[in-house]
Every structure is written in C-alpha cells, then in structure tokens.
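Here is the structure we will look at, set down as structure tokens.
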Amino acid sequence: MAEKKVISIEDRIPKLKEARKKKTNRRLIFYLSLFFILISIVVYLQSPLSHIQAIKIEGNDYINSDELIALSGLSKDNNFWGVSTGKIEDKITEHQEIKNATVSRKLPNTIVIAVEELKKVAYLKREGKYYPVLENGNFLETSTTAWRSDAPLLMDFTSDSPLEALASELQALPSSISSLISEIYWKPTDTNSYKVTIFMNDGYEVRSSIHNFSNYMKTYPSIVSQLDKKQLGIITIGEGGAVFDPYEKEQKTKEEDHAS
C-alpha cells in the first residue's frame with residue numbers, strides 16, 4: 001500500500017497568508033477604484049464638461065429653430081443629465097404649429113428635439129392679408145403679404161364659417177388633388193351652411209359641400225378625364241354623383257332668367 005504524503009500545518013500557513021493577502025489587495029483595489037469613479041462622476045457633474053454643448057432641432061420646415069430652442073428653455077448652461085425630456089416636450093407642444101415633439105440625448109453632450117409640425121392646408125384671405133390655416137382649423141395670427149400658391153386660397157370665410165371642418169377635409173385630401181385647387185369660396189345658403197365653390201387650376205369650377213369634401217374631390221380626376229378639355233364648365237359633386245354643365249349652358253340659363 002502506497003504511503004500517503006502528509007503536509008504539516010507549518011508548510012500550509014505561508015500559502016494561506018499569501019492567498020489572504022491577495023484577496024485583501026483585490027478588495028482594496030476594488031474599493032479604491034469605486035471611490036475614484038464616484039469622485040470622477042461628482043467632478044464631471046460639477047464641471048462644464050457635463051453641460052449641454054449643442055441643441056439640435058429636427059423636422060421643422062416652417063418654424064425657426066431658434067424659436068423652438070427659446071421655447072424649450074434650454075441653454076448651454078444646463079446640465080446634460082439634468083434635463084427633463086418630458087417637460088421640454090410639453091413646452092414645445094405648446095407652440096400652435098407643433099403637433100408632436102420628442103426630446104432625446106445624444107452622447108456626448110447634444111440634446112435633440114425632433115418635432116412634427118401641423119400641416120398647413122390652406123391660406124385664409126382677410127382684409128387683403130393671407131393667414132396660413134393649419135390642419136386643426138386654426139389659422140396663424142401672423143399673416144403673409146403674398147399667397148405662395150402652395151395650398152388652396154380660402155375666400156369669403158367669416159368667423160362663423162365651418163373652417164375647422166374644411167381644414168380636416170383638406171388634411172384628408174391627397175396632395176396630388178389638393179394641388180389642383182386654386183381657390184375655395186364659402187357659399188352658404190339658408191338651408192346649407194356647408195356649400196362651397198371651388199376653382200381649379202385647370203379651369204373648371206366645382207360646386208360641392210364641406211361635408212364629405214375629401215371623398216367628393218377624390219373623384220375629380222376621374223370626372224375630368226371623361227370631359228372634353230376644350231369645353232370648360234361647372235362640375236357639381238354631391239351625394240347623387242356628379243353633373244357637368246358647360247359654361248355656355250350656364251350663361252344661356254342666366255340670360256333666360258334675366259329675360260323672364
């Protein structure tokens with residue numbers, strides 16, 4: 001039988017001491033590292049290095065970036081990590097032209113404000129001035145001196161006109177069709193306050209209603225494709241379908257009414 005090797009306690013003590021020393025050293029290094037990391041974080045947060053270095057605005061086509069930055073209340077004096085993104089988003093959406101806003105951090109020190117503007121669906125003409133109308137029916141108090149023809153022009157609309165309803169319909173209308181519209185006149189009657197007359201860029205006149213306006217106008221290209229382009233006239237679009245009356249017929253009817 002093989003003889004077992006016996007290790008005395010005197011031989012094991014130095015090894016145990018060495019292992020314990022290494023464990024103590026590792027623990028000391030860990031705590032020292034953690035201490036210096038915490039100190040570095042405190043120094044960083046108290047130094048200009050933790051301040052916002054840049055504020056970037058994305059998604060704005062009409063609103064000036066400086067205006068949005070001023071509305072956010074942010075500056076390069078603010079701490080990058082101390083910014084409340086939710087509060088900034090609430091401030092930005094207070095702007096009457098902003099639909100949504102998202103605020104995020106981009107390392108190392110940039111705040112990104114991404115906005116979605118309310119769509120401009122028309123211009124409202126009043127007293128010789130043009131006011132952009134937004135998709136929610138509000139029109140901007142700041143007027144322009146010229147109609148840029150990038151959206152339909154609204155004529156004869158007053159304070160009691162269904163402007164919000166029309167704006168909603170224009171928002172639902174594809175841009176390929178809204179770009180065909182030149183002017184929209186409000187023509188209320190005693191029985192229907194939603195009647196409108198629309199003048200198209202291709203020379204036709206359309207009479208319709210604000211109710212279901214977008215659905216009615218979506219049929220316009222199909223209707224016009226069936227007409228003689230040399231003969232302009234009035235297209236009446238409603239629940240019963242569409243009717244075309246050449247201008248010659250309209251003029252003749254007016255003359256007969258005048259004669260009678």
Could you walk me through whether Phe157 and Leu166 pass side chain to side chain contact (heavy atoms under 4.5 Å, CB included), step by step? CA-CA 11 Å; Phe157 280 78; Leu166 178 59; 3.4 Å; yes
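Asn136 pairs by the side chain to side chain contact (heavy atoms under 4.5 Å, CB included) definition with Leu118, Leu134, Asn138, not counting sequence neighbours. Not counting sequence neighbours, Tyr216 has no partner by the ring-ring contact (aromatic ring centres under 6.0 Å, His included) test. With sequence neighbours excluded, the residues forming a ring-ring contact (aromatic ring centres under 6.0 Å, His included) with Tyr185 are Phe199, listed by chain and number.
Between Ser193 and Pro188 the shortest heavy-atom distance is CA-CB, 3.8 Å. Across Asn78 and Gly73, no two heavy atoms sit closer than the pair OD1-O, 3.8 Å. Nearest heavy-atom pair across Ile63 and Glu117 is N-OE2, 3.0 Å. Looking at every heavy atom in both residues, Asp156 comes nearest to Trp186 through O-CE3, 3.5 Å.
Cluster annotation: Trp81 is connected to Ile55 through the hydrophobic network of ILVMFWY side chains, with a link wherever side-chain heavy atoms come within less than 4.5 Å.
Comment: Lys120 engages Asp150 in a salt bridge, judged by a side-chain N to carboxylate O separation of less than 4.0 angstrom. Between Glu135 and Lys99, at least one side-chain N (NZ, or NE/NH1/NH2) sits under 4.0 Å from a carboxylate O, which counts as a salt bridge.
Although no hydrogens or angles enter the test, the distance criterion places a donor-acceptor pair under 3.5 Å between the side chain of Arg105 and the main chain of Phe80.
Using a 4.5 Å heavy-atom threshold, the side chains of Leu173 and Tyr220 count as separate. A heavy-atom distance below 4.5 Å is not found between the side chains of Val224 and Pro221. Annotation: side chain of Asn100 is not in contact with side chain of Thr102 (no heavy-atom distance under 4.5 Å). Looking at Val121 and Ser178, their side chains never come closer than 4.5 Å, going by heavy atoms from C-beta outward. Residues Leu170 and Val133 fail the side-chain proximity criterion, which asks for heavy atoms closer than 4.5 Å.
Side-chain atoms of Asp245 and Thr236 include no donor-acceptor pair closer than 3.5 Å.
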